[in-house]
J.: 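This is the structure, below, for whatever I ask next.
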Amino acid sequence: MARISNYSTVTLWNTKIKQALKQNQLHKPLILFSQMKQLGIQPDNLTFPFVAKACGELRNLNNSEIIHTHVVKSPYRSDKYVQTSLLDMYVKCCSIDCAYKLFDEMSERDVASWNVMLSGFCQMGFWSRVVGLFSEMRLGGVEADSITIIGLVQLGCLVRDVRFVSSVHCLGMVVGVEVDVKIGNTLIASYAKCGDWDSAEKVFDGIGFDCLTVVSWNSLIAGCAYVGKSVESIGLYRMMLSHGYRPDGGTILNLLTLCDQDGALNCGKSIHSHGIKVGCNKDMSVLNTLISMYSKTGDVRSARNIFDAIKEKTRVSWNAIIGCYAERGDLDEAMALFRSMEASGHKPDLVTALYIISGSGKIGALETGRWIHSYVVLNKFHSNLVVSNALIGMYAKCGCMTLAREIFNTMHEKSIVSWTTIISGYALHGELKEALDHFELMLELGLTPNHVTFLSVLQACNHAGNLNKGWEYFYLMAIVYNLSPEIEHYSCMADLLGRRGKLKEAVEFVQNMRIRPDAGIWGALLSACKIHRNIEIGLYAAERLLAIEPQVGAPYVEMANIYASVGRWDGVSKMRTMMKNNQVTKYPGQSVVQVNGKTHTFTVEGRCHTADVLIYETLDGLNLQLQEKFDSAFIEEMVFLP
DNA sequence: GTAGGGTTAG
């Protein structure tokens, strides 16, 4: 009798727990679990997976460990379903070591447990362990299923390796997993994100009209939006509607990613209102993406309004709003929200930490940076690839190359991003030799540099004033690596030429570019003209700059400075009049730095910081040293000239 | 019991 009563009671509790999970009330399962323990009701092989799921979703390691202990004490300790759910729980909490220990000790492992372990290594960025584990799995006679294939395709997509994606595609067919619509959908988005649009369309066409789902269309739109084809994405969306498909949250979400930069606010707003029309404004993922969209387009108020209006905020909602402030350099507000997130019972996770790390780097807040670093270590996120990369970048930006290097050297696995980050760190500090040594070492290890890596190398050359090395790598990129230079690479070279006083060559270089020059490149030339007091080329650059951005004050001021530096006061007043006539106002640029938890603001040419005259004395000293360093770099390069 | 949105380099 007692057993029957326990059975029906457990079922009742399980239903309650399941319902709470479904409604995204993630704290409830744990409360219910402890209540039933108090009442003496024994949880069963369904209770544990549900509660484990909640712990995983909450990224709460402490609770996860408690649940694990309960499982060990229960009769279900060797149940493979229960064990797999624990595995997933640890993976979600970033405790890859705990997960692997559990996995290693499992007596019976099926394809689901392998899949969880694979996704765990994938999430940590341990690519070679994913590949190793996969071959181990096949050697052990466990057949891959569609979820394995989907996971591997996503890995290929993550590392942007189209060859990897297509080999997994073939493998999927060889292994005998029928290429079902879910694999197809993943392949569409992955091929597109790796830049292989033809293959993406081929997979889409191959699915067959009867099997196509909304998700297939979503994947195609996502891929299209990812590579920045906004017009085509909207076209695909129209086509989807005309074929009678009803958009879901995912569709709106993918369209929203089209509006990820300043100036795209109107586009974002219209998609938002369209989302409301098709009834997706209650969808949590849409709401969270809306926060990000408004944040990225610069409308902080709207982002905050949406966040404040969400009743049941999720971890992702908190992350989105914290990211909003951190990305804009408002670290104080981001940290305040971080505390509120903790107070609300949501544990800040890896993504929260990433936002705080990058925000700290952005404004040079070393103290907050160090604090979040310790938080990351405490919560065992530190061995994650993305987190390590972010930490390296943060320390480099805060001026601590020693710490940046220490993290770099002790990393579990390094990606092209890790190498690029350390190179750009050295570039930032003007350490050309270190930057180039790391670049060469990276090549020796067989990694292929991409356009960002080359940009960092060029910036290192630029900051060190080494024109010869600059040309060397500019051509290496184009000829050996077949990467056509982008506007940033051209800008960097033009800047380098200009700073070295080769203004005529710089202008010719810009005129012969394969891309249309932008405001940045003319601005770089203009400031080079300021350094070398060249009115003729300065005026040429200023004219081009004003043709692109007529309402920006900087070119007038720069030109006025050039005139002033050679005593042409007529020119100075001409510029002032032009500014007045064109109703242009110039806001002085500012820089921000955090010291002892206090944020200090500095204005261009301003000497009004209240702290100390010492600051300005030090700055003057630094300027002198910089001048000397620049001169010696110039001499150094002269020695190498034929 | 696995798969999804949000994240790192300029």
Side-chain angles (χ1 to χ4, degrees), chain A residues 45-46 48-50 52-53 56 79-89 91-92 110-120 122-123 125 145-151 153-154 158 182-183 185-186 189 215 218-219 222 249-250 252-254 256-257 283-292 295 314-324 326-327 349-358 361 381 384-394 396-397 415-425 427-428 449-459 486-489 491-492:
Chain A
N45 59 343
L46 284 176
F48 288 119
F50 289 150
K53 179 135 193 158
D79 182 302
K80 75 176 172 189
Y81 297 109
V82 173
Q83 284 184 323
T84 307
S85 65
L86 290 180
L87 207 58
D88 184 52
M89 174 185 79
V91 161
K92 293 239 161 72
D110 63 3
V111 65
S113 14
W114 284 93
N115 285 345
V116 177
M117 207 55 237
L118 283 169
S119 83
C122 186
Q123 180 200 290
D145 67 358
S146 63
I147 293 172
T148 324
I149 300 298
I150 288 174
V153 172
Q154 281 164 347
L158 221 64
K182 279 185 183 167
I183 298 181
N185 294 342
T186 313
V215 183
N218 289 353
S219 303
I252 301 301
L253 199 131
N254 287 325
L256 281 172
T257 59
D283 187 316
M284 263 324 261
S285 51
V286 171
L287 288 170
N288 294 336
T289 311
L290 277 169
I291 298 173
S292 302
S295 150
T314 67
R315 191 171 35 78
V316 182
S317 328
W318 284 99
N319 285 345
I321 197 69
I322 289 172
C324 171
E327 272 171 7
D349 69 346
L350 185 149
V351 179
T352 333
L354 277 170
Y355 281 127
I356 302 290
I357 295 168
S358 95
F381 304 149
N384 180 285
L385 177 77
V386 181
V387 172
S388 303
N389 291 344
L391 283 170
I392 296 169
M394 182 274 290
K397 285 184 190 124
S415 70
I416 187 67
V417 178
S418 328
W419 286 95
T420 307
T421 311
I422 198 84
I423 293 169
S424 91
L428 192 68
N450 62 25
H451 61 282
V452 187
T453 322
F454 274 107
L455 184 60
S456 303
V457 171
L458 291 179
Q459 275 166 344
E486 293 172 5
I487 190 76
E488 290 89 352
H489 303 93
S491 282
C492 200

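Each chain gets a letter, A, B and so on, in the order its sequence line appears, and its residues count up from 1. From a predicted model like this one, the values you see are computed outputs, not experimental measurements. Atoms considered below: every heavy atom in the structure, side chains included; atoms not considered: hydrogens, waters and symmetry mates.
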J.: Who passes side chain to side chain contact (heavy atoms under 4.5 Å, CB included) against T289(A), sequence neighbours left out?
T.: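 Checked T289(A) against side chain to side chain contact (heavy atoms under 4.5 Å, CB included); matches are L253(A), L256(A).
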J.: Name the nucleic acid region contacted by D110(A), choosing base, sugar-phosphate or nothing; use a 4.0 angstrom heavy-atom cut-off, strictly under.
T.: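 Here D110(A) touches the bases of the nucleic acid.
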J.: Test of understanding: with side chain to side chain donor-acceptor pair (under 3.5 Å), list the residues that count as partners of T186(A), not counting sequence neighbours.
T.: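 Listed in chain order: nothing, the list is empty.
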J.: Where does the chain A footprint on DNA chain B start and end, counting 5' to 3' with a 4.0 Å heavy-atom cut-off?
T.: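 In short, chain A contacts DNA chain B from dG1(B) to dG10(B).
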J.: Contact class for D349(A) vs. all strands (heavy atom < 4.0 Å): base, sugar-phosphate, or nothing?
T.: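 D349(A): base contact, heavy atoms under 4.0 Å.
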J.: Under 4.0 Å, heavy atoms only, any strand: does L253(A) hit a base, just the sugar-phosphate, or nothing?
T.: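 Counting heavy atoms under 4.0 Å across all strands, the contact made by L253(A) is with sugar-phosphate only.
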J.: So how far is it from K397(A) NZ to S358(A) OG, rounded to the nearest 0.5 Å?
T.: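 Output value for this atom pair is 7.0 Å.
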J.: Given pairs defined as Watson-Crick or G-U wobble with both distances under 3.5 Å, what dot-bracket annotation applies to DNA chain B, with ( ) intrastrand, [ ] crossing, | other strand and . unpaired?
T.: ..........
J.: Checking the side chain of N254(A) only, and the main-chain atoms of S219(A) only, is there a donor and an acceptor separated by less than 3.5 Å?
T.: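 Here the side-chain-to-backbone pair does not exist.
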J.: Using a heavy-atom cut-off of 4.0 Å across all strands, would you classify L86(A) as base, sugar-phosphate, or nothing?
T.: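 Answer is nothing: L86(A) stays at 4.0 Å or more from every strand.
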J.: Of all residues at least two apart in sequence or in a different chain, which pass the side chain to side chain donor-acceptor pair (under 3.5 Å) check with N45(A)?
T.: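 N45(A) satisfies side chain to side chain donor-acceptor pair (under 3.5 Å) with no other residue.
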J.: Just checking, is any N or O donor in the side chain of N115(A) or D145(A) under 3.5 Å from an acceptor N or O on the other one?
T.: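 Their side chains do contain a donor-acceptor pair, which is all the 3.5 Å distance test asks for.
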J.: With L158(A), which residues qualify under side chain to side chain contact (heavy atoms under 4.5 Å, CB included), at least two apart?
T.: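 L158(A): side chain to side chain contact (heavy atoms under 4.5 Å, CB included) contacts with W127(A).
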J.: Once you apply a heavy-atom cut-off of 4.0 Å, does D79(A) come out as touching a base, just sugar-phosphate, or nothing?
T.: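 Answer is nothing: D79(A) stays at 4.0 Å or more from every strand.
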J.: Looking across every strand, which nucleic acid part, if any, lies under 4.0 Å from Q459(A) by heavy atom: base, sugar-phosphate, or nothing?
T.: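 Sugar-phosphate, no base atom in range.
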J.: With a non-hydrogen cut-off below 4.0 angstrom, is A320(A) in contact with a base, only sugar-phosphate, or nothing?
T.: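 Contact class for A320(A): none.
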J.: Need one value for T257(A): base, sugar-phosphate or nothing, where a base atom within 4.0 Å counts as base even if backbone is also close, heavy atoms only.
T.: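 Here T257(A) touches the backbone only, sparing every base.
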J.: Please work out if V116(A) contacts a base, only the sugar-phosphate, or nothing of the nucleic acid, heavy-atom cut-off 4.0 Å.
T.: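 Sugar-phosphate, no base atom in range.
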J.: For T421(A), report the nucleic acid contact type (base, sugar-phosphate, nothing); a contact means any heavy atom under 4.0 Å.
T.: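 Sugar-phosphate only.
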J.: Which part of the nucleic acid does D88(A) contact within heavy-atom distance under 4.0 Å: base, sugar-phosphate only, or nothing?
T.: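 Touches sugar-phosphate only.
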J.: Using distance alone, with no hydrogens and no angle criterion, decide if S85(A) and D88(A) have a side-chain donor and acceptor under 3.5 Å apart.
T.: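 Side-chain D/A pair, S85(A) to D88(A): absent.
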J.: Once you apply a heavy-atom cut-off of 4.0 Å, does K182(A) come out as touching a base, just sugar-phosphate, or nothing?
T.: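 Base: the residue K182(A), judged by heavy atoms under 4.0 Å, touches a nucleobase.
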J.: Side chains of T421(A) and S418(A): any donor to acceptor distance under 3.5 Å?
T.: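 No - no donor-acceptor pair under 3.5 Å links their side chains.
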